[in-house]
Amino acid sequence: MSDISKGATPDNSSQEGGISSQYDPISVEDKWYQYWLDHQFFHATPKAGKESYTIVIPPPNVTGVLHMGHMLNNTIQDVLIRKARMEGKEACWVPGTDHASIATEAKVVKMLREKGIRKSDLSRDEFMKHAWEWKEKYGGIILEQLKKLGASCDWDRTGFTMDPNYHDAVIKQFIDLYNKGYIYRGLRMVNWDTEAQTTISNEEVIYNDEGEQAILYHVRYQIKGSEETLVIATQRPETIMGDSAVAVNPKDERFSHLIGQTALVPFIGREIPIIGDEYVELDFSTGCLKVTPAHDPNDYEIGLRHNLKVIDTINLDGTLNEKCEMEKFVGKDRFAVKKQIVKDLKEADLLVKEENFVTKIGRSERTNSVVEPKLSLQWFIRMKDISKKAHQAVMEDDIQLFPSKFKNTYNHWMENVRDWCISRQLWWGQRIPAYYYGDGEEDFVVASDLTEAVKLAKEKTGNSNLNEQDLKQDDDVLDTWASSNLWPIATFDGFNDACFDKATGKIDKSKNPELDFFYPTQTLVTAPEILFFWVARMVIAGYEYLDEKPFENVYLTGIVRDKQRRKMSKSLGNSPDPLDLIRQYGADGVRTGMLFSSPAGNDLLFDEKLCEQGRNFSNKIWNAFRLVKGWKTVEVEQPAINKQAIEWFEGKYNQALTEIEDHFSKFRMSDALMTVYKLVWTDFCSWYLEWVKPPYGDPIDQTTYEASVRLFEGVLKLLHPFMPFITEELWHQFKNREEKEALIVSEWPTAGSYDKECLKQADLLFETTSAIRNVRSSKGISPKEVFELHTQAPFVKEVEGSLKKLANLSEVHNSQEKPANAFSFVIGSDEFHIPASEKIDTEAEKKKLQEELNYTIGFMKSVSKKLANERFVNNAPENVVATERKKLADAEAKIKTLEDSIAAL
RNA sequence: GGAGUGUUAGCUCAGUUGGUUUAGAGCACCGCCUUGACAGGGCGGGGGUCGUUGGUUCGAAUCCAAUACACUCCACCA
């Protein structure tokens with residue numbers, strides 16, 4: 001065998017005196033990643049007649065850094081894409097990043113603040129300049145990190161949701177949906193983040209699970225023209241000045257007489273009606289509810305029903321305004337006012353009671369400030385109609401979710417889908433293409449640019465004197481998800497002028513070769529948390545613009561948690577640094593570590609030990625390679641036992657591959673990996689290699705050597721999607737190969753048939769081997785001590801040579817006589833005896849056999865009980881009864897054998 | 001409050017339309033082995049009345065019901 005150190009391109013490292021007994025990933029990984037890049041193996045292009053397999057990456061935040069969730073998610077995608085590539089498909093994995101408007105803007109604002117610059121001192125353009133600089137500097141770090149993991153993305157396609165053509169697509173979508181009537185502008189109660197000064201979606205409001213301690217203030221209101229008072233309960237006394245009514249349940253006999261009367265708002269004495277509304281619960285607290293339409297979503301609804309005034313007393317920054325009619329509060333923060341007004345109420349003897357109360361306060365995911373419900377003019381998408389096909393597609397399994405339990409969740413959301421507020425009061429993002437020419441509610445046009453807007457405004461108003469100065473573009477940008485929803489389409493430039501028809505609002509795929517070839521994509525791998533945020537909205541866009549689903553399968557990964565089931569997070573500091581892990585265990589080790597414990601849809605309880613297991617696996621493979629590579633060959637006839645071993649492993653391989661394919665088809669990645677793991681470790685290393693391994697220093701016959709390399713290569717193929725680096729390395733260490741023969745683009749094997757009898761026979765061989773090893777182990781006999789074996793088991797004749805080698809036997813006697821002073825065991829109904837060199841402990845042997853006998857008798861009894869049951873024999877299917885009869889016969893035979901063995905002792 | 005999912009070995013999970021031994025795997029654990037590929041290893045071993053209680057059935061980890069616990073999603077009471 002040639003010097004392994006000059007094996008393949010690129011140069012392979014070696015140590016003096018041979019190959020290191022430990023696999024060193026560091027020296028291998030960068031080299032192969034660069035090799036793959038250099039040879040364009042990740043790059044995909046439309047190819048006539050070839051099947052495509054496309055995955056679009058869930059674009060991470062552009063300024064994000066790699067965390068464990070990304071590691072899991074992207075490992076899975078890479079496994080899928082590498083397998084598809086080997087299967088001969090045009091495998092295209094589109095990478096990219098999301099501009100993530102709120103998160104990124106927050107980071108930029110923070111960075112500016114550290115430099116002493118306030119956002120409010122900057123113009124929009126100036127701010128954007130800073131933001132872009134920031135993006136250029138820090139953006140995409142995460143993509144570089146993914147390369148360390150081995151991600152085989154088509155980097156030529158790297159996208160960004162604010163790329164010019166992507167931006168263009170988003171704007172086209174907005175205009176189109178507006179023209180189709182799906183987008184409207186309306187006054188709505190939104191979640192207002194007073195700190196970030198923006199609306200946030202319901203999904204971005206976080207409620208603490210345990211709730212938060214709050215106080216429920218019982219406040220007395222005077223009734224006009226009466227001595228009577230009523231007591232309302234509120235958490236938010238600072239909103240009293242915005243009250244428009246007091247509501248009671250009309251069925252509430254305590255208060256129904258008050259309906260129609262007038263109450264007076266404390267301090268300011270404003271008159272408000274007392275109304276009856278079913279919304280008020282009879283048995284909650286005082287039964288009287290103050291209605292403040294401007295500051296509570298439910299109150300707003302009540303207000304609509306009763307035509308109440310909306311008195312908005314709180315400014316955008318959370319301070320009170322002059323509408324509260326109390327000068328001393330104007331300009332003061334809502335929380336300061338709350339404190340003061342409680343004090344005032346107490347002094348005025350209007351505070352009846354303070355009750356401790358656990359409530360769930362909504363806080364902003366980004367700023368953690370208490371969300372203020374606020375009425376405001378916002379842009380919305382009407383969801384009901386536009387989402388119909390998307391709903392149907394999943395319910396009818398046209399798009400399959402893995403695991404399927406998420407179908408329920410999806411259904412529930414779709415059935416209760418609510419209009420989606422898409423405007424955000426931020427600068428970083430796609431600015432809403434609406435242009436205002438007046439203060440009226442309808443005084444605007446929606447247009448792709450200012451010139452177009454002027455044109456439309458002229459048409460709409462009939463005023464031909466309007467010019468660019470008369471128009472002012474909306475200050476808000478779009479919710480990030482309103483752009484990332486186009487990800488599978490826009491990354492293939494699906495909205496370019498050639499294929500997107502503005503008049504019909506449809507995309508003609510046939511006019512865009514890229515989209516035509518790669519869309520719909522095959523599999524989306526993402527977190528269940530964003531099933532609605534993102535997945536559902538991509539499906540909606542897919543049907544809206546292409547009348548076609550965006551992907552066939554959605555694989556939902558679990559959340560990565562620590563051993564204590566806590567979610568991994570920066571703030572808890574319980575998340576390891578992924579790159580650190582890769583340095584320590586190798587990318588292959590980390591990848592397999594992640595997948596070992598990641599059954600579909602279940603959370604992954606991450607433990608560094610898993611990476612260790614992955615690393616150990618790499619090492620195992622490495623050492624198997626060292627063994628095979630170290631063999632010297634000789635031209636002699638192939639021994640029969642080697643032939644047997646090869647035939648067996650070929651069968652085992654096909655069996656495993658069949659299983660692996662089944663697992664993949666169900667997205668059971670963990671199970672697929674485990675099957676490969678066992679095939680490699682147990683079957684290939686522990687059995688096959690030991691089976692054919694020549695004695696130390698002896699050469700191996702050429703035929704077996706070649707077969708072993710071939711089998712090893714077959715194993716490397718199955719391993720490659722999971723462990724791309726070590727497999728590519730070994731692939732080239734075995735042979736010099738041209739670039740087109742690289743493992744990454746080698747042909748994925750097809751499962752052939754296998755002889756079940758052959759596998760069964762080998763199982764008996766292994767069982768016997770284990771039993772013999774057990775004799776040595778339990779008797780404290782060295783594994784090196786050679787045994788003789790006496791047995792009449794029929795299968796032994798077929799595998800005698802193999803058994804002798806695996807179990808270290810000198811002789812196998814097929815004689816009827818039982819040797820005296822021997823260790824005995826029974827497999828099936830066959831006896832095995834090993835003559836002992838020293839006097840054996842007969843009692844101990846008897847005891848051992850007796851235990852097995854007891855077990856078998858117990859088993860036999862349960863079977864015969866079943867068979868004695870007439871109803872079982874009559875009702876159970878024939879084959880089941882036959883199986884039971886066979887079990888009984890086998891057990892009886894075994895019992896007899898055991899009894900004989902015991903008697904012989 | 002509504003909906004959903006789960007509960008099998010110390011841990012993480014398989015167990016495919018009820019019937020291949022009296023329930024499996026990986027890891028962890030225990031014992032022995034400085035074995036000529038690998039101590040990041042080898043060989044061997046122990047470990048579960050399948051959450052609980054009823055029911056259906058000749059037969060239940062598997063189907064049904066109730067119950068307990070855990071988790072997830074949605075909505076949310078001043």
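Letters A, B, ... mirror the listed sequences (proteins, then strands); counts begin at 1.
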Quickly work out the [X] [atom1] to [N] [atom2] distance and round it to whole Å.
X	N	atom1	atom2	value
A:Leu605	B:C71	CG	C1'	12 Å
A:Glu690	B:C38	CD	P	11 Å
A:Trp681	B:G42	CH2	P	5 Å
A:Leu888	B:U20	CG	P	15 Å
A:Tyr585	B:C27	OH	C1'	15 Å
A:Glu612	B:U12	CD	P	19 Å

Who does [N] pair with, Watson-Crick or G-U, both distances under 3.5 Å?
N	value
B:A37	none
B:G19	B:C58
B:C11	B:G26
B:C69	B:G6
B:C32	B:G42
B:G1	B:C74

Given the [atom1] atoms of [N] and [M], what is the spacing between them in whole Å?
N	M	atom1	answer
B:A14	B:A68	P	26 Å
B:U57	B:G1	C1'	39 Å
B:A25	B:A9	P	14 Å
B:U72	B:C13	P	14 Å
B:C29	B:U56	C1'	41 Å
B:C69	B:C32	P	45 Å
B:G59	B:U12	C1'	31 Å
B:C50	B:U7	P	14 Å

Can you tell which of [options] lies closest to the side chain of [X]?
X	options	result
A:Tyr279	B:C77, B:U5, B:G44	B:C77
A:His412	B:C74, B:U35, B:U20	B:C74
A:Ser686	B:G40, B:C43, B:G26	B:C43
A:Asp296	B:C77, B:G19, B:C38	B:C77
A:Lys405	B:C58, B:G41, B:U5	B:U5
A:Arg773	B:G44, B:U35, B:C58	B:G44
A:Phe872	B:U12, B:C38, B:G19	B:G19
A:Lys678	B:G26, B:A78, B:G40	B:G26
A:Ser777	B:G15, B:G44, B:A78	B:G44
A:Tyr677	B:C38, B:G31, B:C27	B:C27

Test applied, side chain to side chain donor-acceptor pair (under 3.5 Å); reference residue, A:Thr239; option that passes from A:Lys290, A:Lys338, A:His295: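 Running side chain to side chain donor-acceptor pair (under 3.5 Å) over A:Lys290, A:Lys338, A:His295 with A:Thr239 returns exactly one hit, A:Lys290.
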Considering the options A:Arg591, A:Arg615, A:Glu612, A:Glu608, which one meets the side chain to side chain donor-acceptor pair (under 3.5 Å) requirement together with A:Tyr585?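 One option only clears the test, and that one is A:Glu608.
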Using a heavy-atom cut-off of 4.0 Å across all strands, would you classify [X] as base, sugar-phosphate, or nothing?
X	answer
A:Leu289	base
A:Gln613	sugar-phosphate
A:Lys693	base
A:Asn875	base
A:Thr883	nothing
A:Cys685	base
A:Ser778	nothing
A:Ser782	nothing
A:Glu355	nothing
A:Asn774	sugar-phosphate
A:Val280	base
A:Pro877	base

B:C38 base to A:Lys620 side chain: any donor-acceptor pair below 3.5 Å?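 By the distance-only test, yes, there is a pair.
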No-H, no-angle donor-acceptor pair, A:Gln22 side chain to B:A37 base, under 3.5 Å: no
Salt bridge (Lys or Arg N to Asp or Glu O under 4.0 Å) assessment of A:Asp890 paired with A:Lys886: CA-CA 6 Å; A:Asp890 289 350; A:Lys886 171 118 187 2; 2.8 Å; yes
Got [X] and [Y] here, is their nearest side-chain heavy-atom distance under 4.5 Å?
X	Y	result
A:Asp252	A:Val280	no
A:Thr897	A:Asp830	no
A:Phe872	A:Leu867	yes
A:Phe606	A:Leu72	no

Phosphate OP1/OP2 of [N]: any [X] side-chain N/O under 4.0 Å:
X	N	answer
A:Asn298	B:C77	yes
A:Asn623	B:G41	no
A:Ser770	B:G44	yes
A:Arg561	B:U12	no

Please compare A:Lys784 and A:Gln235 by the position of their nearest nucleotide in RNA chain B and report the one closer to 5'.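 The residue closer to the strand's 5' end, by nearest nucleotide, is A:Lys784.
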Using modelled atom types and a 3.5 Å cut-off, is there a donor and acceptor pairing between side-chain atoms of A:Thr292 and backbone atoms of A:Ala294? no
Tell me if the aromatic rings of A:Phe625 and A:Tyr23 count as close, with their centers under 6.0 Å from one another.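 No, ring centres 6.0 Å or more apart.
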Kindly say whether the aromatic ring centers of A:Trp691 and A:Phe766 come within a distance under 6.0 Å. yes
